[in-house]
Colleague: 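Right, I'll just put the structure down here and ask away after.
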Amino acid sequence: NFKKGIVISSVDATNSPFKKDILKANDLLLSVTLNGQTTELGVLGNQRTPGVLLYTSESAVTLRFIRGQTYTIETNVLLD
C-alpha cells in the first residue's frame with residue numbers, strides 16, 4: 001500500500017512558483033526539503049500538506065514527486 005503524497009489537481013498558471021512546467025496536474029507530490037530538512041507530504045498524522053510552503057522564508061526548496069509512469073523526480077525550485 002502506498003500511503004504517501006498529495007495529488008496535484010491543478011497549478012495556477014499566473015501566480016504559482018511551480019507554473020513553469022515544474023508541477024503539473026496529476027503529479028504525486030511526495031516531499032519537500034527546506035533548509036536540509038525533508039517533510040513527507042500526505043494526509044497521515046506524521047505527514048504534512050503542501051501548505052508548509054506558505055510559511056517558509058526560504059527562497060529555494062527541493063520537491064520530490066512522481067509524474068505518470070516516470071520514477072521519482074527531484075527538482076530544485078526557486079520561490080518568488
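Hydrogens, waters and symmetry mates are skipped; everything else that's a heavy atom, side chains included, is used. Throughout, residue positions are numbered sequentially from 1 according to the sequence presented.
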Colleague: Do you know which two heavy atoms are closest between Phe65 and Ile22, and how far apart they sit?
Modeller: CZ-O, 3.4 Å
Colleague: If you apply the rule side chain to side chain contact (heavy atoms under 4.5 Å, CB included), what do you find for Leu41 with Val32, and how did you get there?
Modeller: CA-CA 7 Å; Leu41 301 176; Val32 58; 4.2 Å; yes
Colleague: Any salt bridge between Lys4 and Glu40, counting N to O under 4.0 Å?
Modeller: yes
Colleague: Are side-chain N/O atoms of Thr38 and Ser31 paired as donor and acceptor at under 3.5 Å?
Modeller: no
Colleague: Working to the nearest 0.5 angstrom, can you tell me the gap between Asp27 CG and Ile66 CD1?
Modeller: 9.5 Å
Colleague: Drop me the distance from Leu28's CG to Leu23's CG, to the nearest 0.5 angstrom.
Modeller: 11.0 Å
Colleague: Does the Gln47 side chain pair with the main chain of Lys3, one donor and one acceptor, at a distance under 3.5 Å?
Modeller: yes
Colleague: Please tabulate, for the side chains in residues 5-13, all donor-acceptor contacts under 3.5 angstrom to protein atoms that are two or more places apart in sequence or on a different chain.
Modeller:
{"unit_1": "Asp12", "atom_1": "OD1", "unit_2": "Thr14", "atom_2": "N", "d": "2.7"}
{"unit_1": "Asp12", "atom_1": "OD1", "unit_2": "Asn15", "atom_2": "N", "d": "3.0"}
{"unit_1": "Asp12", "atom_1": "OD2", "unit_2": "Asn15", "atom_2": "ND2", "d": "3.4"}

